[in-house]
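Okay, structure first, notes after.
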Amino acid sequence: MAELSCDVLVIGGGATGVCAAYDAARRGLRVILAEMNDLSTGTSGRFHGLLHSGARYAVRDPESARECILENAILRRIAPHIIEDTGGLFVAVPGDPADYVPRWLEACAAAGIAAEAITVREARRQEPALSPALVHAFRVPDGAVDGFDMAHAFTRAAEDYGATTLIYHEVTALNVGSTGVMATLQDRRSGEEKIVSARWVINAAGPWAGKVAALAGYALRVAWSRGAMIAMNTRWVNTVINRLRPPTDGDILVPVGTVSVIGTTSIPVERPDDNTIEPWEITALLDEGEAIIPGFRQARALRAWAGVRPLYEAEAREGITGRAVRRTFDVIRHAPGLTTVVGGKLTTARLMAEKAVDDVCAGLGIEARCTTADEPLPGDHPRRLHMLGSRLDALEHGRMPGPLICECEMVTQAQIEEAIAAYARPPALDDLRRDLRLGMGPCQGGFCAVRAAGIVQRACNLDAAAATAALRAFVDERFKGGRSLLWGHHLRQFLLDEMIYRRTLGLDRLTGAPPAVRDAPLPAWAADRRPVSSSAQGRRVIVIGAGMAGLMAALHAVRAGAQVHVIAAGIGRLILAPGWCDVGPFHDHPGVRVFLDWCTDHGVRPLAGGPAMLGTRPAVSWAGDGEMLIVGFASWRDFYPMLCAGNLARQGIPARGIHVDLPRRHDGWDLSPTRLAHCFDDPAFREEVARLVKGRLRDEARVGFPAVLGLRDPAVVQRELAEQIGRPVFEIPTLPPSVPGTRLLNVLKGWLLRQGARVQIGHAVTRPVVEGRRVVGVAVASVGRETVFHADAVILATGGLYGGGLLSDDRGRLWEPIFDLPVQAQTDRLAWFNTDLLDLRGHPAHTFGIAVDEYLRPLGKDGTPAYENLFAAGHILGGMDTLIGGCEEGFDLASAYTAVREALGND
Amino acid sequence: MTETLHLLENTPFTSDLCLKCNICTAHCTVLPYTDLFPGPKTVGPQAQRMREPGAPSVDHSVDYCSGCGICTLVCPHGVRVMEINTQAKAAIVETHGISLRNWFLGRNELWGRLGSPFAPILNFVMGFKPARRIAEKTLGISARAPMPKWAGYTFRGWWLRRQRRQGRRDRPVEAYDPARTVVYFHGCGTNSYDPHVGRTAVAVLEHLGFEVIVPPLYCCGLPMQSNGDFKAARRYARQNVTWLEPYARRGIPIVGTSASCMMAFKGDYEHILGMDDAATKTVAAGVWDFMEFLRHLHAQGRLDLNFRSLERTLPYHAPCQLKAHGMGRPAMDVLALIPGLRLFEIDADCCGIAGTYGFKAEKRAIAEQVGEPIVEAVRAGGYDTVVCDTETCRWQIAALTGARAIHPVVLVAEAYGLKMAEVGDPIIPTA
């Protein structure tokens with residue numbers, strides 16, 4: 001057991017703790033900072049991001065307001081690199097109490113806070129998103145501060161002065177006696193214990209301050225107030241916007257880096273780690289946002305979280321609770337050797353630390369005054385700007401910065417490797433997230449999580465099981481912050497991420513025990529196996545949607561002789577899918593058979609069996625006949641051969657992973673799978689790859705590559721590679737865009753055009769043109785006007801919640817936008833998804849869709865077919881969880897075939 | 001409240017809708033052929049989140065975006081990717097200025113008009129390889145760029161002379177019958193290089209019983225816009241809107257034979273240049289692509305269907321700027337009415353010229369690779385003629401394939417039996 005000694009043990013690595021460590025170290029004290037998690041994971045990691053001017057507290061809590069404005073100026077001076085000088089606005093809208101304004105102005109003046117009146121026009125010129133109905137606007141010196149940056153900055157500064165930081169170390173015993181303090185710390189990652197002897201303890205544990213004091217045998221009543229915040233996906237404002245009214249919920253919108261954060265609420269809770277969010281809080285915050293920015297609730301909400309404020313209960317005992325409690329802080333000396341500092345705000349953390357360390361010095365009889373306000377933090381502090389401008393210059397001059405891993409937040413492989421090296425033990429992906437903002441952008445880790453796991457595996461030499469578990473933990477953590485925001489485009493985002501994790505990666509089956517397999521029952525319409533008519537000459541068919549179902553419906557209709565027009569708002573999900581043809585219970589349906597035959601005839605066979613990107617054994621058992629060599633490309637970010645091979649091996653399939661260099665040194669920032677696949681179409685390129693692989697081959701029986709082996713001529717590419725290497729080769733799916741999906745789409749679209757079909761992508765069908773119970777045409781939102789196209793039959797293949805065939809909003813409304821067909825779904829939005837994104841039972845949302853009769857005609861509100869000649873195919877249909885049922889492609893293929901048969905057969 | 005809701009529909013804020021799915025990346029016409037362009041998602045909605053006012057964070061690799069707009073079309077989630085990219089180019093120009101070459105290429109109209117009287121000499125020089133190599137080295141205009149030939153006269157010159165000869169003059173807008181009048185927008189390409197397309201269009205419109213008006217007009221501004229010179233583009237755009245708005249308000253259709261120019265009016269002025277005033281919207285709702293207009297007449301029963309038979313099978317290229325209209329394939333719909341004539345659409349997203357992109361020396365090789373599918377289709381079928389609605393595409397296709405490239409209106413005129421004796425030169429030169 002390690003024994004350490006110091007002068008001051010600071011417990012708590014939040015804002016106050018790191019400032020106290022820095023302050024004490026500067027005064028010449030030997031400091032150890034102990035934090036039970038990663039730095040800034042308590043209140044300081046879950047706050048609003050606001051550097052207060054103090055104006056919010058001017059009326060009700062003038063002391064706090066004065067503290068804020070003074071500390072605001074000091075922090076800007078000593079740590080400008082952690083602060084964004086956004087400035088602030090206080091704005092009032094109609095209905096806000098008019099009598100508050102003069103009181104507020106007076107109070108700001110008294111506290112020394114500059115509040116400058118500006119016109120509403122000027123405010124809206126500065127911030128065009130603000131409501132035209134604004135009544136007042138005043139400028140104040142607010143700013144935005146990144147809590148993680150702050151923690152790192154002060155910790156490094158403290159370490160410069162000799163302090164030691166111990167993260168993931170929890171204090172399990174604390175003895176404050178006449179001869180000093182003895183503390184037992186437990187490393188939560190290894191279980192190891194350390195004994196620390198100190199002369200004094202500063203308890204800066206925030207919500208856990210009471211627990212820490214109790215360890216030493218002292219009572220400290222801390223009350224907890226939980227507040228929710230939502231980060232909106234876009235930086236809607238560049239200035240902090242405050243509501244000019246007595247402080248209440250949802251008053252503040254803060255631009256923080258690439259997002260804007262609206263908050264907050266205030267709810268008394270029973271635990272220091274209560275981070276739940278109730279649906280009414282989300283609604284309330286969006287409502288408040290809407291009041292100052294009309295249209296706000298249509299904007300995309302990226303992440304919701306809650307933080308717990310510690311409130312010193314001296315006041316609570318007097319019956320004052322929640323927002324009425326003073327927001328200044330308290331320093332309490334329980335006994336010689338133990339001082340607690342609690343309350344306050346992040347803006348005043350430095351001052352809180354100063355007072356706490358003053359108490360410690362007084363107690364130790366040391367004459368050392370606080371100097372933290374005197375000069376900037378020592379050390380080099382490059383601003384973590386998102387620097388894009390010079391990239392082309394770098395590329396054109398051959399200066400490749402290496403792969404870009406988190407594209408949303410501009411985090412490179414080099415940065416990740418550097419961050420990993422700073423940890424004594426392999427970091428969790430969440431640790432890297434706090435360091436670098438990895439996974440904090442719109443896709444919430446969908447693409448970068450697996451890349452980061454692959455990098456950590458290599459850098460720390462982890463086994464595949466550990467790396468995969470780390471990936472799973474990160475995915476679960478990301479979902480926690482998104483789960484309360486699953487509507488609209490953010491719902492689409494998580495459905496895309498889910499598809500990547502489950503299908504492309506195979507993550508759910510590697511990290512969870514699969515439930516007993518039960519073949520999903522075939523839907524009623526799938527029982528009828530009659531063929532599509534072949535004499536539909538002259539019949540005009542419009543297919544709405546260009547996913548697998550829509551394009552295959554077009555194919556069947558063309559082969560039947562119909563005149564076909566595909567109209568779609570965009571391209572469907574087949575271009576993102578891994579490239580298998582998962583058929584499940586539809587395996588013997590004619591829709592599947594016709595598809596597979598057509599694919600063979602046109603050289604675009606689906607990927608046949610084989611592992612998923614993480615090496616997950618596919619549903620179709622791949623009888624091993626010897627070891628596999630899994631090949632990846634050094635510095636290509638979309639495939640990790642060691643991870644794949646390692647997971648294959650632990651599932652009993654012998655495999656070995658290697659990296660080869662890409663010919664022509666393709667190590668730019670963003671090498672897309674389609675660009676790489678195009679390179680493979682060049683014989684010289686693939687010959688070089690074959691040579692490199694052959695040189696590393698041992699006695700493996702076959703060689704697996706990421707699925708980038710050719711875009712135009714995959715059959716030729718793979719045949720030649722196999723010949724040159726001397727082994728069969730196969731493809732393993734990689735992150736979207738899917739090259740196999742792109743191949744299929746290109747060939748299918750080309751075939752449709754050559755057969756005389758029309759394919760029109762990019763503009764949505766807005767409404768049907770109806771005569772009685774027949775759809776006679778559809779209207780398209782062309783640019784400048786509407787265009788009407790006529791048809792004898794219409795096939796609706798617009799997709800489900802991901803594809804936009806079904807829309808959703810924050811109130812839990814679900815609707816089908818073109819025909820207004822009734823949607824079968826749950827009304828309680830929180831019931832749409834289970835708690836765990838990768839729950840092996842799937843989610844109720846997977847089964848939402850429209851109801852149809854046995855001829856695939858959508859039913860109207862009265863339960864009968866809405867129109868005689870409208871048919872539906874693909875994921876617009878509800879009832880079946882095709883993702884869990886392993887029939888994503890099968891469902892589309894079978895329903896497309898059936899819909900066309902019915903559309904052309906009758907009448 | 002509509003004012004601020006409009007903000008959420010503004011082009012840069014459509015980046016809020018991006019799911020990072022990479023469908024746009026997979027369809028980018030340029031990306032497969034260069035390492036210098038990371039893809040439309042990267043320089044578009046992804047970089048957009050980093051573009052703070054006053055911060056130098058615009059990604060310069062957006063220079064390699066051709067502006068073809070396929071990315072916006074394929075995006076299923078509503079992101080206006082190409083438009084975001086074009087605005088990013090403008091932000092670069094605003095900070096760093098515009099290169100002489102790009103300024104030059106944006107001033108299409110100016111060179112067209114200035115060069116017209118010197119057509120024979122200029123055409124000779126443009127065809128003279130050493131001169132082209134010098135132009136490539138000094139100006140950065142590719143020696144292989146499909147420079148059009150000056151026609152030796154301008155469409156406007158011809159029109160004005162014809163008006164004088166026939167004793168016509170323009171009347172006040174109110175004096176025209178909207179049901180029997182059409183404003184013809186020629187554009188600078190037709191004006192200086194392809195005036196016979198304009199003359200053919202006029203002949204067809206008059207055959208259909210319309211009185212044609214050709215008001216004062218500028219270049220639509222697209223070449224400036226696509227090179228990021230928004231200040232100039234807006235100047236041209238506003239003047240055009242001022243001239244055209246009275247006709248649009250009166251309900252007189254404004255018809256153009258350049259699908260790219262008409263797309264500028266219909267959509268780019270608002271979604272790229274940010275012109276959201278009432279006059280621009282009125283004009284946007286009142287402009288038509290030429291073949292779209294004929295299809296519309298047909299839907300109303302007003303199209304003369306007395307076509308001669310043309311026994312031909314011809315390949316058709318739908319320009320990316322025509323696809324952007326979202327109106328389908330009006331040329332194919334109308335030409336399908338001509339007996340014996342069969343058109344098929346070439347499977348190609350973009351011919352590669354992308355306005356001024358394919359003229360640039362450092363982009364020429366990319367442009368040629370992008371257009372390769374058209375070359376293959378024409379060669380495979382042994383075709384000598386390709387039908388296409390925009391002029392720069394026709395120049396590119398002719399240069400790459402050696403085939404003749406014609407506007408669909410030429411076939412309509414031939415099927416109506418209109419003799420070029422009425423309009424001048426033979427419509428379809430004999431093989």
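Note that the structure is a prediction, hence the values are computed from the model and not measured. Every chain is numbered from 1, with letters handed out A, B, ... down the list of sequences.
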For B:Asp35, is there any backbone N or O sitting under 3.5 Å from a side-chain donor or acceptor partner on B:Tyr64? no
Proximity breakdown for A:Ser672 and chain B, heavy-atom pairs closer than 4.5 Å: side chain
Report, by ascending residue number, the residues of residues 260-267 of chain B in heavy-atom contact with chain A at a distance under 4.5 Å; give 'none' if the set is empty. B:Met263, B:Lys266, B:Gly267
Under a 3.5 Å cutoff, is there a donor and acceptor pairing between the side chains of B:Thr11 and B:Arg80? yes
Report the residues that fulfil side chain to side chain contact (heavy atoms under 4.5 Å, CB included) with B:Val378, sequence neighbours left out, ordered by chain and then residue number. B:Ile374, B:Tyr383, B:Val386, B:Thr401, B:Ala403
Could you have a look at B:Thr34, B:Leu343, B:Thr25 and say which one has the most heavy-atom pairs with chain A under 4.5 angstrom? B:Thr34
When heavy-atom pairs shorter than 4.5 Å are enumerated against chain A, which of B:Gly328, B:Pro373, B:Cys75 gives the highest number? B:Gly328
Does A:Arg540 CZ have over 12 foreign heavy atoms under 6.0 Å away? yes
With a 4.0 Å cut-off, would you call A:Glu407 and B:Lys20 a salt bridge? no
Which heavy atom of A:Arg235 sits nearest a heavy atom of A:Thr86, and at what distance? NH2-CG2, 4.3 Å
Test of understanding: with ring-ring contact (aromatic ring centres under 6.0 Å, His included), list the residues that count as partners of B:His96, not counting sequence neighbours. B:His60
Under 4.5 Å from any heavy atom of chain B - which part of A:Asn746: backbone
Between B:Arg295, B:His271, B:His27, B:Arg342, who has the most heavy-atom pairs with chain A when the cutoff is under 4.5 Å? B:His27
Whatever's closer than 4.5 Å to a heavy atom in chain A on B:Cys21 counts as both
Please check: side-chain N/O of B:Arg49 versus main-chain N/O of A:Asn233, any donor-acceptor pairing under 3.5 Å? yes
Of B:Thr29, B:Val74, B:Val370, the residue whose pairing with B:Asp349 passes side-chain contact (heavy atoms from CB on, under 4.5 Å): B:Thr29
Which bit of B:Cys18 comes within less than 4.5 Å of chain A, counting heavy atoms only: side chain, backbone, both or neither? backbone
Short side-chain to backbone donor-acceptor contact, A:Ser782 and B:Gly326, under 3.5 Å: yes
Portion of B:Ala324 that has a non-hydrogen atom of chain A nearer than 4.5 angstrom: backbone
Choice from A:Arg754, A:Arg712, A:Glu786 maximising heavy atom contacts with chain B below 4.5 Å: A:Arg712
For side-chain hydrogen bond (donor to acceptor under 3.5 Å, both in side chains), just list the numbers for A:Thr239 and A:Glu127, CA-CA rounded to whole Å, side-chain angles, deciding distance to a tenth of an Å, and then say yes or no. CA-CA 8 Å; A:Thr239 316; A:Glu127 292 298 344; 2.6 Å; yes
A:Thr258 and A:Glu409 side chains, donor-acceptor separation under 3.5 Å: yes
Among A:Arg785, A:Arg300, A:His763, single out the residue with the greatest number of heavy-atom pairs under 4.5 Å to chain B. A:Arg785
May I ask you to name which of B:Met327, B:Glu345, B:Met332 has the most heavy-atom pairs under 4.5 Å with chain A? B:Met327
With a 4.5 angstrom heavy-atom cut-off, which part of B:His77 approaches chain A: side chain, backbone, both or neither? both
Measuring heavy-atom distances to chain A, does B:Ala284 have an atom under 4.5 Å in its side chain, in its backbone, in both, or in neither? backbone
Heavy-atom distance under 4.5 Å to chain B: side chain of A:Tyr802, backbone, both or neither? both
In terms of heavy-atom pairs under 4.5 Å with chain B, which of A:Leu735, A:Asp681, A:Ile575 leads? A:Ile575
For chain B, find which of A:Pro737, A:Gly488, A:Pro255 contributes the most heavy-atom pairs closer than 4.5 angstrom. A:Pro737
Once side chain to side chain contact (heavy atoms under 4.5 Å, CB included) is applied, do any residues pair with A:Val769, and if so which ones, sequence neighbours excluded? A:Arg767, A:Val776, A:Val788
Look at A:Asp670 together with A:Arg637 and state whether they make a salt bridge at an N to O cut-off of under 4.0 Å. yes
Is a side-chain donor or acceptor of A:Arg675 paired with a backbone partner of B:Pro32 at a separation under 3.5 angstrom? yes
Under a 4.5 Å cutoff for heavy-atom pairs, which residue among A:Ile761, A:Thr787, A:Thr674 has the most contacts with chain B? A:Ile761
Cut-off 4.5 Å, heavy atoms of chain A, and the answer for B:His296 is neither
